[in-house]
Amino acid sequence: MAKDFPALPQAFFARPAELVAPELIGCRLVKRQDDGRLLWGVIVETEAYSQDDPACHGYRRRTPQNATLFGEPGRFYVYVSYGIHHCVNVVTDRGGWANGVLLRAVALPDEPERIAAGPGLLARRFGLDRSDDSCPVTGEHEVWMALRSDTFASQDLVTTTRIGISQGAATPWRWYLRSSRSVSRRARGDRMPPKAQSWTPSLEQPS
């Protein structure tokens with residue numbers, strides 16, 4: 001069944017985070033579970049971060065904790081927020097330059113619509129933690145990032161500012177799927193779509 005979820009190539013991630021982040025909307029996060037079954041969901045919200053951005057973990061210096069963010073693109077960078085929640089990122093751009101995309105929300109088929117509506121909830125649902133830090137997202141690990149399905153087609157994205165930061169707060173580097181009810185927080189004035197008019201991954205067919 002893994003063939004139904006072909007992994008994104010490393011070249012996809014070897015670009016600046018602000019280009020990769022919106023294109024990750026609609027792609028799938030996939031995990032091979034202990035029983036062999038695949039857990040998957042569709043990415044519906046992302047944020048971009050870059051070394052020249054004061055909100056980026058690598059803005060000041062490289063440390064043992066953020067070293068993965070300075071590494072080659074196409075790897076998970078997982079950190080602990082407020083000592084409680086794990087946050088899952090994918091490294092982008094090039095080695096030696098801190099650059100990455102935070103996965104903020106995923107919609108899972110046939111599960112509560114807000115079960116992964118936020119970075120901490122996403123990491124918890126997929127069982128991701130610091131042990132997944134630096135692992136490749138391109139199919140060599142039991143967790144990977146897969147292409148969009150053909151049925152996702154072209155969707156309307158909202159571009160807005162990032163959440164939970166004090167510096168760089170005005171930079172419009174957050175994207176989310178307007179028609180999804182699984183987004184962590186909507187932009188001011190953007191109302192949640194009625195259930196009957198919202199997009200859901202439940203009817204998606206792997207491609």
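Please read these numbers as outputs of a predicted model, since none were measured by experiment. Position 1 is the first residue of the sequence, and the numbers go up from there. These numbers come from the heavy atoms of this one structure, side chains and all, not from hydrogens, waters or symmetry mates.
- When all heavy atoms of Leu108 and Ala116 are compared, the pair lying nearest together is CD1-CB, 3.9 Å.
- In summary, the aromatic rings of Phe152 and Trp199 are positioned with their centroids under 6.0 Å apart.
- Residues Leu39 and Glu111 meet the side-chain proximity criterion, which asks for heavy atoms closer than 4.5 Å.
- Val78 and Leu69 fall into different hydrophobic clusters, where Ile, Leu, Val, Met, Phe, Trp and Tyr are joined by side-chain heavy atoms under 4.5 Å apart, directly or via other members.
- Atom SG of Cys27 is separated from atom CG of Leu8 by 4.5 Å, given to the nearest 0.5 angstrom.
- No hydrogens or angles considered: nothing links the side chains of His86 and Asp132 as a donor-acceptor pair under 3.5 Å.
- No side-chain donor-acceptor contact under 3.5 Å links Arg174 to the backbone of Arg162.
- Between Gly168 and Ile165, the shortest heavy-atom contact is O-CD1, 3.7 Å.
- Pairing each heavy atom of Val88 with each of Ala123, the nearest pair is CG2-CB, 3.9 Å.
- To the nearest 0.5 Å, the span separating CG on Leu38 from CD on Gln33 amounts to 8.0 Å.
- No donor-acceptor distance shorter than 3.5 angstrom exists from the side chain of Arg75 to the backbone of Glu72, with no hydrogens or angles considered.
- At distances below 3.5 Å, at least one donor-acceptor pair connects side-chain atoms of Asn99 with backbone N or O atoms of Ala17.
- Judged by distance alone, with hydrogens and angles left aside, the side-chain atoms of Lys31 form a donor-acceptor pair with the main-chain N or O of Phe126 at under 3.5 Å.
- Atom-to-atom distance recorded for Glu142:CD and Cys135:SG is 7.0 Å, nearest 0.5 angstrom.
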inquiry  = Go through it in stages, so that I can follow the logic: the residues are Val80 and Arg130, the test is side-chain contact (heavy atoms from CB on, under 4.5 Å), and I'd like the CA-CA distance, side-chain angles, deciding distance and then a yes or no.
reply    = CA-CA 8 Å; Val80 180; Arg130 283 285 292 169; 4.0 Å; yes
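- Checked by atom type, the side-chain pair Ser184/Arg104 shows a donor-acceptor distance below 3.5 Å.
- At least one side-chain heavy atom of Val101 sits less than 4.5 Å from a side-chain heavy atom of Leu24.
- Side-chain rings of Trp173 and Tyr49 stay apart, their centers remaining 6.0 Å or farther from each other.
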ask   = Does the side-chain contact (heavy atoms from CB on, under 4.5 Å) test come out yes or no for Leu29 and Val143, once each step is laid out?
value = CA-CA 7 Å; Leu29 180 63; Val143 186; 4.0 Å; yes
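- No side-chain heavy atom of Val30 sits under 4.5 Å from any side-chain heavy atom of Met145.
- Here Glu113 pairs with Arg181 under the side-chain hydrogen bond (donor to acceptor under 3.5 Å, both in side chains) rule; sequence neighbours left out.
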query = Are Thr159 and Trp175 close enough, and set up right, to give a side-chain hydrogen bond (donor to acceptor under 3.5 Å, both in side chains), and what steps lead you there?
reply = CA-CA 5 Å; Thr159 303; Trp175 294 266; 3.3 Å; yes
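- Residue Leu122 holds its CG atom at 9.5 Å from SG of Cys87, rounded to the nearest 0.5 Å.
- Between Trp97 and Phe70 the shortest side-chain heavy-atom distance does not fall below 4.5 Å.
- We find the CG-OG distance between Asp4 and Ser149 to be 11.5 Å, quoted to the nearest 0.5 Å.
- Put simply, the side chain of Gln10 gets close to the backbone of Pro73: a donor and an acceptor are under 3.5 Å apart.
- The backbone N or O of Asn66 sits less than 3.5 Å from a side-chain atom of Thr63, completing a donor-acceptor pair.
- Asn89 places a side-chain N or O within donor-acceptor distance of the main-chain N or O of Tyr77, the cut-off being under 3.5 Å.
- Residues Leu128 and Ile115 share a hydrophobic cluster, clusters being chains of Ile/Leu/Val/Met/Phe/Trp/Tyr side chains in contact below 4.5 Å.
- Across every non-hydrogen atom of Pro22 and Glu18, the tightest pair is CD-O, 3.3 Å.
- The backbone N or O of Ile25 lies less than 3.5 Å from a partner atom in the side chain of Arg148, making a donor-acceptor pair.
- The backbone N or O of Ala21 sits less than 3.5 Å from a side-chain atom of Thr46, completing a donor-acceptor pair.
- Closest approach of Ser198 to Pro193, counting heavy atoms only: CB-CG, 4.0 Å.
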task = Could you walk me through whether Ile43 and Leu103 pass the side-chain contact (heavy atoms from CB on, under 4.5 Å) test, one step at a time?
result = CA-CA 7 Å; Ile43 299 166; Leu103 307 183; 4.2 Å; yes
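- Looking at heavy atoms from C-beta onward, Pro119 lies in side-chain contact with Leu102 at the 4.5 angstrom threshold.
- Phe13 and Leu147 fall within a single hydrophobic cluster, where Ile, Leu, Val, Met, Phe, Trp and Tyr are joined by side-chain heavy atoms under 4.5 Å apart, directly or via other members.
- With hydrogens and angles left out, the side-chain atoms of Asp190 and Tyr176 include a donor and acceptor closer than 3.5 Å.
- For the side chain to side chain contact (heavy atoms under 4.5 Å, CB included) test, residues two or more places apart in sequence or in another chain that qualify with Arg114 are Ala117, Met192.
- One distance of note links CG of Asp129 with CZ of Arg124; it measures 13.0 Å at 0.5 Å rounding.
- For Arg178, the CZ atom is densely surrounded, since the number of other residues' heavy atoms within 6.0 Å is greater than 12.
- Of all the heavy atoms in Ala107 and Val44, the pair that sits closest is CB-CG1, 4.0 Å.
- Taking the six-membered ring where the residue is Trp, Phe76 and His141 present perpendicular rings, their angle passing 60° and hence far from 30°.
- With hydrogens and angles disregarded, no donor-acceptor distance shorter than 3.5 Å links the side chain of Arg185 to the backbone of Ile163.
- By the criterion of side-chain heavy atoms lying less than 4.5 angstrom apart, applied directly or through intervening Ile, Leu, Val, Met, Phe, Trp or Tyr residues, Val42 is grouped together with Trp144 in one hydrophobic cluster.
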